[in-house]
Amino acid sequence: MFETLFESDIGGTDAEELRDRYAIPLSVLVQKAAVIGFVPIIDRDVTASDVIGWRCSEGHEFQASWREQRHRRCPDCPALSYGERLARALFNYYLPEGKWHKVREKGFDPDNPDLRLEIDLVSDHHRITVECQSSLHDPDAPKQGLATKTPIDEIVRRDELKRALSSTHSRFKDYRHVELWLELAEVSKVVKRAVNERVDPIQEIVRIFFESLADSNVEVPGRPLPGFEELFSGFSEARRTSALLDENGLALRSGPWLGLTDLAVTCRSCGHDWRSSLSQLRRGWSRGRSGCANCWSIVLDQLSAERSDAGWAAFQELCADHGYVLLGPVSGPGNVEVKVKEKSTGRVATGRRHYIAGRLLDGLVVVDAKRIEYDKRRDRVAETISKHRAFLEAYGIRLALGQDRPTTSRGPDKQIRTNRFTIQYLGCQHFAKVPLGPFVQKLARHKSRTADGSPGLCPRCRREKIAQEKTAKMVAQAAKYGVTFLGPSYINATKTRYKFSCLPDCEEGLYSATFSNLEKNGVACRGCKRIRKRQQKAALRPPRNRR
């Protein structure tokens with residue numbers, strides 16, 4: 001797109017501005033390329049489509065754009081996958097005279113004679129062909145990245161051609177075909193499982209190798225298990241990685257590294273040992289670091305100490321210019337708490353270094369920051385308590401004497417209660433400890449409480465007063481209907497049933513109802529109703545004339 005755009009009719013200044021807009025800074029390009037093992041051979045900023053020179057870790061040089069090269073390998077390096085390299089190392093150890101090599105030849109596909117069929121490993125001495133399988137060859141496995149470049153159906157068809165080579169009239173007739181599943185992801189799982197079960201990982205890898213050979217009737221002479229170094233020597237990255245680490249003052253430690261885990265690295269300067277991936281080390285090298293955390297922390301400490309010393313010297317000079325003397329400390333971070341003394345008055349103030357420096361630079365007097373904050377907080381608390389005090393007095397409640405700050409105590413359930421104030425109900429003179437803010441909010445929302453200034457009652461006394469009033473109301477109601485209230489005293493309005501004795505002539509004898517029903521219907525016994533109706537009719541009937 002950019003080649004076409006820059007070669008179009010856009011001319012002069014517009015083309016240059018457009019190129020500058022999409023240019024990649026050289027420092028950014030160097031860092032990104034270092035992560036994948038390349039070095040750009042250029043000294044200017046470029047766009048992603050500019051063709052430039054590249055150098056790989058093996059020293060091969062080639063031309064390509066960044067858009068093309070960021071997802072590709074070096075064209076001159078052998079294209080061996082992890083499974084192929086591990087398989088070659090195992091075959092070279094157990095069958096060293098085999099001269100194992102990769103083959104790409106035409107003529108094996110009858111439908112397409114020009115197709116180059118690639119066989120991962122071939123040994124003409126042992127008459128064996130090897131195919132290193134992976135998830136790319138499995139139709140049911142998910143494909144990622146460039147793995148979908150060749151359709152899966154075509155990959156499966158080519159695998160069938162390779163399996164049939166031993167039965168065709170090709171030069172691989174009567175060769176035994178071996179399929180190895182040594183994909184990096186699967187081998188990593190095997191190694192991690194072996195480490196967790198405290199089993200030798202090499203033993204598990206060799207077991208998978210022998211099982212694949214047994215399925216193809218391939219016999220291998222008995223040999224002891226290969227060591228990590230013996231298998232590692234079969235990887236071309238070993239020498240390149242060691243040389244790359246040596247150039248940056250690091251050494252590759254011997255150990256169980258097969259490309260499955262991070263590198264075991266030792267710093268030649270301080271002797272620090274750690275594990276890291278090669279991409280992380282390359283990223284650090286591109287930024288001018290050695291990769292060792294200890295060495296880098298020493299550098300950072302030195303820089304921090306230099307900056308700290310310069311900062312404290314400047315702070316002392318600032319205090320002296322404004323008539324203050326620094327009492328201590330004279331070292332530490334910028335937010336450390338220090339003491340300064342004013343020369344003219346002898347007043348000592350305490351505060352953090354950046355706070356005092358800010359006030360001096362603004363031309364203000366240095367005061368104790370903690371004392372100012374404490375005074376502000378105390379004034380806010382006093383103002384809030386004063387508002388709550390005035391609010392409670394309207395409900396007949398007051399704060400106990402000396403209650404100008406909250407207290408902490410342990411409640412009846414042995415739990416600690418914090419921020420409690422002691423209040424006194426003026427109606428009953430009882431005391432209670434409450435959280436003042438929530439108590440005031442709850443009191444303001446209470447519908448049955450009015451701020452009329454009458455003495456307030458505590459919850460218990462208030463319940464007793466309500467019970468007395470409503471019990472007296474039921475007694476008066478019973479007297480109105482000519483019956484007797486039998487109890488109990490008022491408890492609640494809807495759940496408890498209260499008993500009354502009926503009229504003398506009533507057949508029921510006893511009547512019970514809840515308080516809410518009594519308020520609606522009165523003492524409404526059916527027998528008593530009938531008696532009262534007869535009495536009312538008799539009272540309204542005119543008297544008879546007697547002759």
Side-chain angles (χ1 to χ4, degrees), residues 335 337 349-352 355 358-359 364 367-477 487-498 514-520:
N335 61 347
E337 193 172 84
T350 303
R352 299 191 182 277
Y355 162 76
R359 292 190 68 86
L364 302 175
V367 294
D368 197 328
K370 286 188 175 181
R371 174 58 60 182
I372 292 176
E373 182 63 27
Y374 175 77
D375 292 342
K376 291 181 179 178
R377 190 181 308 167
R378 184 184 58 187
D379 294 342
R380 289 196 299 267
V381 172
E383 183 180 358
T384 302
I385 292 177
S386 177
K387 292 180 180 179
H388 290 341
R389 192 189 302 274
F391 180 83
L392 293 175
E393 289 178 355
Y395 288 88
I397 305 172
R398 69 181 180 186
L399 291 177
L401 297 178
Q403 279 292 298
D404 56 348
R405 64 183 63 184
T407 59
T408 300
S409 61
R410 193 178 295 274
D413 55 354
K414 306 301 182 183
Q415 297 295 325
I416 295 178
R417 302 287 190 268
T418 59
N419 294 330
R420 292 300 194 267
F421 284 81
T422 302
I423 61 174
Q424 184 181 16
Y425 294 91
L426 300 180
C428 59
Q429 303 299 320
H430 289 160
F431 294 89
K433 292 184 177 181
V434 297
L436 191 57
F439 179 78
V440 168
Q441 294 177 2
K442 184 177 179 180
L443 189 61
R445 294 193 301 265
H446 208 291
K447 296 181 179 179
S448 62
R449 304 292 292 271
T450 56
D452 55 1
S454 59
L457 298 174
C458 68
R460 187 184 64 182
C461 295
R462 195 162 179 270
R463 287 194 298 269
E464 293 177 355
K465 180 180 179 182
I466 292 174
Q468 293 175 359
E469 292 176 352
K470 295 193 175 183
T471 302
K473 186 175 181 180
M474 287 189 289
V475 171
Q477 197 172 20
S489 298
Y490 176 82
I491 301 175
N492 54 62
T494 58
K495 295 182 180 180
T496 305
R497 301 184 70 85
Y498 303 95
T514 62
F515 184 81
S516 60
N517 286 336
L518 292 174
E519 285 189 324
K520 294 178 182 178

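Computed from a prediction, not measured in an experiment: that's the story for all the values here.
With a 4.5 Å cut-off on side-chain heavy atoms, D375 and R378 count as touching. A 4.5 Å side-chain heavy-atom check between V434 and T422 finds every atom pair outside the cut-off. Between F431 and I423, every side-chain heavy-atom pair lies at or beyond the 4.5 Å cut-off. The closest side-chain heavy-atom distance from P459 to Y425 is below 4.5 Å. The side-chain heavy atoms of T496 and T514, taken from C-beta on, include no pair separated by under 4.5 Å. Using a 4.5 Å heavy-atom cutoff, the side chains of L392 and L443 are in contact.
The backbone N or O of Y490 sits less than 3.5 Å from a side-chain atom of T471, completing a donor-acceptor pair. A donor-acceptor pair is defined here as one N or O able to donate and one able to accept, closer than 3.5 Å; no such pair exists between the side chain of E383 and the backbone of R380.
Closest non-hydrogen pair, P488 versus M474, comes out as O-CE, 4.5 Å. Considering all non-hydrogen atoms of both residues, H388 and G437 come closest at NE2-CA, 4.2 Å. Scanning all heavy atoms of the two residues, the minimum distance from P455 to L426 falls at CB-C, 3.9 Å. Between C428 and C461, the closest heavy-atom pair is CB-SG, 3.6 Å. Pairing each heavy atom of R462 with each of H446, the nearest pair is NH1-CE1, 4.4 Å.
Using the six-membered ring where Trp is involved, F515 and Y498 have ring planes that are perpendicular, over 60° apart on the 30 and 60° scheme.
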**Item:** From CA spacing to verdict: side chain to side chain contact (heavy atoms under 4.5 Å, CB included), T350, E337
**Value:** CA-CA 7 Å; T350 303; E337 193 172 84; 3.5 Å; yes

**Asked** Taking it one step at a time, do R398 and R389 satisfy side chain to side chain contact (heavy atoms under 4.5 Å, CB included)?
**Response** CA-CA 6 Å; R398 69 181 180 186; R389 192 189 302 274; over 6 Å; no

**Request:** Given side chain to side chain contact (heavy atoms under 4.5 Å, CB included), test L399 with L436 step by step and report yes or no.
**Result:** CA-CA 10 Å; L399 291 177; L436 191 57; 4.0 Å; yes

**Asked** How far apart are the C-alpha atoms of D379 and K376, what are their side-chain angles, what is the distance that settles it, and do they pass the salt bridge (charged side-chain N to carboxylate O under 4.0 Å, His left out) test?
**Response** CA-CA 5 Å; D379 294 342; K376 291 181 179 178; over 6 Å; no

**Asked** For Q424 and I397, what are the C-alpha separation, side-chain angles and deciding distance, and is it a side chain to side chain contact (heavy atoms under 4.5 Å, CB included)?
**Response** CA-CA 6 Å; Q424 184 181 16; I397 305 172; over 6 Å; no

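With values rounded to the nearest 0.5 angstrom, L457 atom CG is found 11.5 Å from R463 atom CZ. For the atom pair C458 SG and Q429 CD, the distance stands at 10.5 Å (nearest 0.5 Å).
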